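This one's a predicted model, so the numbers in the text were calculated from it and none came from an experiment. Convention: sequence-line order gives letters A, B, ...; per-chain numbering from 1.
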Amino acid sequence: MALDRPEFRPDPALSRDAMETLQRDIADAATFADDLPFDPDTVAVDGPVEADASGTERLGASSDAPVIVGVDQAFLDDRAVSAIVAIQDGAVIERAHAVTPLEIPYIPGLLAFREGGPILAAFETLSVEPDLAVFDGSGRIHFRQAGIATHVGVALDLPSIGVAKKLLCGEPAEPVDDRPAGWSTPIEADGTVEAPDSTVIGYAYQSRQWDRDQSINPLYVSPGHRVSAATTRDLVDALCAGYKLPEPTRLADRNADDTKAALG
DNA sequence: GCGACAG
DNA sequence: ATCTTGTCGC
């Protein structure tokens, strides 16, 4: 897949100031409103997309339904294993991965400079054209409104959303503990975010919950590029098939783990 | 100075 | 993210 805007590539050699400046440029170039090539209301994943269940996997896009890709990574020593899994109509249509040397350590707020390059390398090996990418991490929920989902989404001019398991910054409008499945509340910009206070930068979304006793933490979802916060939440809701994480993410997660295991 | 901090 | 056994519950 083509890299449409190389000037936005997350170069790990940049100084910290240059990284932060680039993130502000990325946020300016990002669209936090719906501009999708498909109707989000038609997206639905009935049940878990099986690994390699006979008959469910076919190669290549074969309908007008949106192609949605999940992106995730695993790590092995100083190498990143970036994995992408594409689904369409509830079936896997392509898997891709790239093994790349890691240049810099993880720094909160600068994740895209560690993992963005490896992810772009994996995208370059993908033959199908995605309509939406689901990232493991934040999008607009970020100090400079340019989390990894936004950064890669803008660099590829691809609609994207971020799904994080922990909140990086911002403030939930209501307490998030012990909420029922389907519940959500806005994540608003606070003093740690470069946006007007109370700007809705994402949602805490309870994708799954136990009936009693133990409790599951919500997901923190946010727009990456070309999608609004509310639609991001609705898309994640539609993509979760009975598990805490959306199906594209679970598939990419397994692809990354399998690839890592095969490397030894 | 102190605390907080995606993967 | 990663290192890892047992264990609780449907």
Side-chain angles (χ1 to χ4, degrees), chain A residues 10 12 16 19-20 23 26-27 30 70-84 97-120 122 133-153 160-172 176 181 187-194 201-205 207-225 229 232 236 242-246 248-250 252-261 263-264:
Chain A
R16 188 184 180 116
M19 288 180 178
E20 296 186 353
Q23 289 183 324
I26 291 281
V71 183
D72 192 29
Q73 296 192 318
F75 301 91
L76 186 54
D77 297 321
D78 52 356
R79 288 176 297 171
V81 178
S82 305
I84 299 176
H97 73 263
V99 180
T100 318
L102 286 166
E103 314 276 4
I104 62 172
Y106 163 69
I107 299 168
L110 300 179
L111 178 66
F113 291 90
R114 172 177 168 82
E115 304 186 355
I119 287 172
L120 290 174
V134 182
F135 288 87
D136 193 21
S138 293
R140 194 181 186 182
I141 295 180
H142 179 274
F143 309 123
R144 292 164 291 281
Q145 301 189 89
I148 192 161
T150 301
H151 202 135
V152 177
S160 62
I161 62 179
V163 178
K165 294 177 285 298
K166 294 176 181 172
L167 185 60
L168 175 62
C169 58
E171 188 67 29
V176 305
I187 298 299
E188 302 174 336
D190 57 11
T192 70
V193 181
E194 293 181 10
I201 55 177
Y203 279 89
Y205 169 65
S207 57
R208 190 183 181 188
Q209 190 55 282
W210 300 117
D211 294 324
R212 55 182 39 171
D213 206 14
Q214 300 286 300
S215 187
I216 295 176
N217 297 132
L219 254 22
Y220 296 94
V221 308
S222 57
H225 182 43
T232 294
V236 172
Y243 291 89
K244 172 171 180 172
L245 296 173
T249 301
R250 295 183 62 240
D253 191 48
R254 278 204 323 238
N255 187 12
D257 284 346
D258 292 348
T259 302
K260 171 180 171 175
L263 288 176

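Note: CZ (Arg208(A)) to P (dG9(C)) measures 16 Å, nearest angstrom. As rounded to whole Å, 14 Å separates atom P of dA6(B) from atom CD1 of Ile201(A). Between the CG atom of Asp257(A) and the P atom of dT2(C) there is a distance of 6 Å, given to the nearest Å. Distance, Glu171(A) CD to dC5(B) P: 11 Å, rounded to whole Å. Note: CG (Asp211(A)) to P (dC8(C)) measures 20 Å, nearest angstrom. Residue Leu167(A) contributes atom CG, which lies 14 Å from atom C1' of dG7(B) at whole-angstrom precision. One atom, CG of Asp190(A), and another, C1' of dG3(B), lie 13 Å apart when rounded to the nearest Å. Distance CG (Asp72(A)) to C1' (dA6(B)): 12 Å, rounded to an integer number of Å.
Relative to the side chain of Lys165(A), the nucleotides dC3(C), dG7(B), dC5(B) differ in distance, and dG7(B) lies closest. When distances run from any side-chain atom of Asp136(A) to the nucleotides dT2(C), dA1(C), dA6(B), the shortest one goes to dA1(C). You'll find that the side chain of Arg212(A) is closest to dC10(C), out of dC10(C), dA6(B), dG7(B). Distance from the side chain of Ala74(A) is smallest to dT2(C) among dA1(C), dT2(C), dC5(B).
In this structure, Ile148(A) and Ile119(A) have side chains that are in contact, with non-hydrogen atoms separated by less than 4.5 Å. Residues Asp253(A) and Asp136(A) have side chains not in contact (no heavy-atom distance under 4.5 Å, counting atoms from C-beta outward).
Close to dA6(B), at under 4.0 Å from its OP1 or OP2, lies no side-chain N or O of Tyr220(A). Phosphate contact (OP1/OP2 of dA1(C), side-chain N/O of Lys166(A), threshold under 4.0 Å): absent.
Leu76(A) comes within 4.0 angstrom of no nucleic acid atom, judged by non-hydrogen atoms across all strands. Residue Phe75(A) is in sugar-phosphate contact alone, with no base atom involved, counting any heavy-atom pair closer than 4.0 Å across all strands shown. Heavy atoms of Gly162(A) sit nowhere under 4.0 angstrom from any nucleic acid atom. Residue Ile141(A) is out of contact with every strand shown, counting any heavy-atom pair closer than 4.0 Å.
Of the options Leu167(A), Val163(A), Leu168(A), a side chain to side chain contact (heavy atoms under 4.5 Å, CB included) to Tyr220(A) is made by Leu167(A) and by none of the others.
With Phe113(A) as the aromatic partner, Arg16(A) does not meet the cation-pi criteria of under 6.0 angstrom to the ring centre and within 45 degrees of the ring axis.
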